[in-house]
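Below is one structure; the comments refer to it alone.
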Amino acid sequence: MMQKLGFGTMRLPTLGDDSKVDLERFQEMVDRFLEQGFTYFDTSYVYHGGMSECALKTALVD
């Protein structure tokens with residue numbers, strides 16, 4: 001049976017305070033998620049102070 005799993009981006013790993021996303025750690029998390037065959041990311045422009053979509057773009061594209 002195939003299970004569905006989504007990666008929520010409401011809270012991201014940070015570097016000391018919420019305004020600085022730990023992009024290296026986040027990249028590792030995204031890579032691991034994709035390696036397991038999952039592809040659903042739950043994001044919104046208001047998640048993590050408006051930084052979740054930009055961080056996800058960086059992790060997936062850049």
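- The shortest distance between side-chain heavy atoms of R11 and D18 falls below 4.5 Å.
- When side chains are defined from C-beta on, M10 does not count as touching H48, because their heavy atoms never get closer than 4.5 Å.
- Residues V21 and M51 share a closest heavy-atom pair of CG2-SD, 4.0 Å.
- In plain terms, the two heavy atoms of S52 and S44 that are nearest each other are OG-O, 3.0 Å.
- The hydrophobic cluster containing M29 also contains V61, counting ILVMFWY residues as joined when their side-chain heavy atoms lie under 4.5 angstrom apart, directly or transitively.
- The line from CG of L23 to CG of L15 is 8.0 Å long, rounded to the nearest 0.5 Å.
- In terms of hydrophobic clustering, with Ile, Leu, Val, Met, Phe, Trp and Tyr side chains grouped at heavy-atom distances under 4.5 Å, F26 and Y47 are assigned to different clusters.
- Atom CD of E53 sits about 7.5 Å away from atom OG1 of T9, to the nearest 0.5 Å.
- The hydrophobic clustering, which links ILVMFWY residues whose side-chain heavy atoms are closer than 4.5 Å, places L5 and F7 together.
- With hydrophobic clusters built from ILVMFWY side chains whose heavy atoms lie under 4.5 angstrom apart, F38 shares a cluster with F41.
- No path of Ile, Leu, Val, Met, Phe, Trp and Tyr side chains, each step under 4.5 Å between heavy atoms, connects V46 with L56, placing them in separate hydrophobic clusters.
- Closest approach of L34 to T39, counting heavy atoms only: CD2-CA, 4.5 Å.
- Atom CD of Q36 has more than 12 heavy atoms from other residues, nucleotides or ligands within 6.0 Å.
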